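Beneath this line is the structure, given in structure tokens, with notes to follow.
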Amino acid sequence: MATHPLWSDDYWLLLLQLYLKKPEGMKALYSRALVDLSLELHIPPKNLYEQQFKLRHRDTPIIELIWDTYAGNPRKLNKDAKKLRSMEGFGQPKKFYDGVQVKETFERDFSPMADYPDLKPIMLVMILDLYFRLTPITMAEETPEVQDLAKLMKIKPQLVVEVMDVFQFCDPYLNRDDLMISSLLLPCQEIWDRYGNDNPEKLSSFAAQLKEYFR
């Protein structure tokens with residue numbers, strides 16, 4: 001497990017605070033709380049998820065000290081975590097990125113899209129997964145799977161269908177030659193290029209993990 005270049009030992013405080021939140025213990029890779037901390041620290045969820053294992057096993061002296069100091073004193077933990085967040089430079093990655101080569105697509109993936117603020121790129125991933133499970137004729141608002149996904153993501157079924165319509169233009173097997181004018185076309189094409197031509201089981205597994213974010 002490689003430590004992310006932006007990781008600081010101060011962040012064990014914030015990770016312990018997350019770990020102790022009810023239900024206490026390891027938080028799912030794409031749980032809302034872990035993703036929110038990930039965005040706050042500009043460190044991908046996968047790295048924070050892996051750090052939880054180190055925290056749970058208390059495998060370094062500093063982690064043991066963090067547990068001894070804070071685990072039984074939530075008031076002190078919350079106070080010091082709040083102080084850490086108020087420090088100058090916290091949450092401002094530009095200072096940290098100087099001279100560091102890191103690929104950070106995850107922040108954009110969890111950010112609302114400019115022309116469709118109800119959508120985030122990760123939602124397009126989930127819709128693409130459903131797209132491969134349906135036929136064009138069943139990509140309709142009244143289809144139960146469409147309604148269930150829309151309910152999970154708290155959007156209207158109509159929007160799910162709209163995205164699926166755009167994915168049909170990205171799908172080389174359909175060979176659509178009519179004109180598509182939509183600001184969804186570029187982000188949908190990007191998601192298709194990243195996941196649509198890969199192993200569908202990998203996409204399905206990723207989409208299943210992303211459901212945790214909406215629960």
Side-chain angles (χ1 to χ4, degrees), residues 23 25-39 42-50 52 102-215:
M26 294 280 295
K27 300 303 183 284
L29 175 56
Y30 291 109
S31 64
R32 175 78 64 152
L34 190 140
V35 170
D36 285 346
L37 180 59
S38 178
L39 293 170
H42 309 285
I43 297 174
K46 183 176 183 292
N47 294 90
L48 293 188
Y49 181 74
E50 292 174 347
Q52 286 185 106
V102 248
K103 184 180 180 182
E104 301 294 354
T105 59
F106 84 95
E107 292 178 289
R108 185 163 49 87
D109 286 347
F110 286 91
S111 299
M113 294 163 53
D115 295 330
Y116 284 81
D118 290 337
L119 286 175
K120 299 176 181 180
I122 58 160
M123 298 165 75
L124 301 185
V125 173
M126 298 177 70
I127 296 172
L128 180 61
D129 177 56
L130 181 58
Y131 174 90
F132 285 122
R133 299 173 187 273
L134 301 177
T135 60
I137 197 171
T138 60
M139 296 176 188
E141 294 179 41
E142 60 271 16
T143 299
E145 291 87 347
V146 171
Q147 294 180 356
D148 290 345
L149 182 58
K151 183 178 180 181
L152 175 68
M153 299 192 298
K154 297 180 176 61
I155 59 175
K156 294 180 179 180
Q158 177 185 356
L159 186 51
V160 174
V161 172
E162 184 178 352
V163 173
M164 286 184 168
D165 286 343
V166 178
F167 276 136
Q168 291 188 42
F169 280 83
C170 304
D171 191 337
Y173 291 100
L174 295 183
N175 198 24
R176 294 277 294 268
D177 56 3
D178 45 330
L179 183 64
M180 162 63 73
I181 300 176
S182 171
S183 57
L184 278 172
L185 186 56
L186 189 59
C188 283
Q189 185 65 60
E190 181 181 347
I191 293 298
W192 184 282
D193 291 343
R194 286 165 63 184
Y195 303 104
N197 301 315
D198 204 349
N199 186 332
E201 291 183 4
K202 291 171 68 174
L203 172 62
S204 178
S205 175
F206 184 36
Q209 290 178 313
L210 287 174
K211 287 182 180 179
E212 288 293 333
Y213 182 76
F214 299 95
R215 288 175 177 155

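Quantities reported herein were computed from a predicted structural model and do not represent experimental measurements. In this chain, residues are counted from 1 in sequence order.
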Next on the checklist: Assess, by modelled atom type and distance only, whether the side chains of Asp129 and Tyr195 contain a donor and an acceptor separated by less than 3.5 Å.
Outcome noted: no
Checklist entry - Would you say Arg108 and Glu190 make side-chain contact, with heavy atoms under 4.5 Å? => result yes
Item to check | Phe132 ring center within less than 6.0 Å of Trp192 ring center | outcome: yes
Item to check | Considering all heavy atoms, the nearest Val35-Pro45 contact | outcome: CG2-CG, 4.3 Å
Next on the checklist: If you apply the rule side chain to side chain contact (heavy atoms under 4.5 Å, CB included), what do you find for Tyr49 with Tyr30, and how did you get there?
Outcome noted: CA-CA 9 Å; Tyr49 181 74; Tyr30 291 109; over 6 Å; no
Checklist entry - Could you go step by step and tell me if Tyr131 and Gln168 meet the side chain to side chain donor-acceptor pair (under 3.5 Å) rule? => result CA-CA 9 Å; Tyr131 174 90; Gln168 291 188 42; 5.5 Å; no
Checklist entry - How long is the gap from OG1 on Thr143 to CZ on Arg133, to the nearest 0.5 Å? => result 14.5 Å
Checklist entry - Between Arg215 and Ser31, does any side-chain donor sit less than 3.5 Å from a side-chain acceptor? => result no
Checklist entry - If every non-hydrogen atom of Met164 is compared with every non-hydrogen atom of Leu134, which pair is closest and at what distance? => result CE-CD1, 3.8 Å
Checklist entry - Where is the tightest heavy-atom contact between Pro112 and Pro117, given as atom of each residue plus distance? => result CB-O, 3.6 Å
Checklist entry - How close do Met26 and Gln52 get, heavy atom to heavy atom, and via which atoms? => result SD-CB, 3.3 Å
Hey, can you pull the donor-acceptor pairs under 3.5 Å for the side chains in residues 150-161, sequence neighbours left out?
none

Checklist entry - Looking only at heavy atoms, what is the nearest atom pair of His42 and Phe106, with distance? => result C-CZ, 3.8 Å
Item to check | Distance (rounded to the nearest 0.5 Å) between Glu162 CD and Tyr116 OH | outcome: 3.5 Å
Item to check | Test of ring centre spacing under 6.0 Å for Phe110 and Tyr213 | outcome: yes
Checklist entry - Judged by atom type as modelled, is there a donor-acceptor pair below 3.5 Å linking the side chain of Lys120 to the main-chain atoms of Asp118? => result no
Checklist entry - What's the shortest heavy-atom distance between Cys188 and Val163, and which atoms? => result SG-CG1, 3.9 Å
Next on the checklist: Assess whether a salt bridge exists between Arg194 and Asp109, defined as any Lys/Arg side-chain N lying under 4.0 Å from an Asp/Glu carboxylate O.
Outcome noted: yes
Checklist entry - Out of curiosity, Leu203 CG to Met126 CE, how far, rounded to the nearest 0.5 Å? => result 10.5 Å
Next on the checklist: Working to the nearest 0.5 angstrom, can you tell me the gap between Leu48 CG and Ser38 OG?
Outcome noted: 5.0 Å
Item to check | Verdict with reasoning, Leu39 to Glu107, per side chain to side chain contact (heavy atoms under 4.5 Å, CB included) | outcome: CA-CA 6 Å; Leu39 293 170; Glu107 292 178 289; 3.9 Å; yes
Next on the checklist: Strictly distance-based, threshold 3.5 Å: is any side-chain N or O of Ser205 a donor or acceptor partner for the main-chain N or O of Lys202?
Outcome noted: no
Checklist entry - Are Arg32 and Asp36 within salt-bridge range, i.e. N to O under 4.0 Å? => result no
Checklist entry - At what distance, to the nearest 0.5 angstrom, does CG of Leu185 lie from CG of Asp165? => result 12.0 Å
Item to check | Nearest-0.5 Å distance, OG of residue Ser204 to CG of residue Asn199 | outcome: 9.5 Å
Next on the checklist: Tell me whether Ser182 contacts the main-chain N or O of Leu184 through its side chain, where contact means a donor paired with an acceptor under 3.5 Å.
Outcome noted: yes
Item to check | Expected output: side-chain Gln209 to main-chain Leu29 donor-acceptor under 3.5 Å | outcome: no
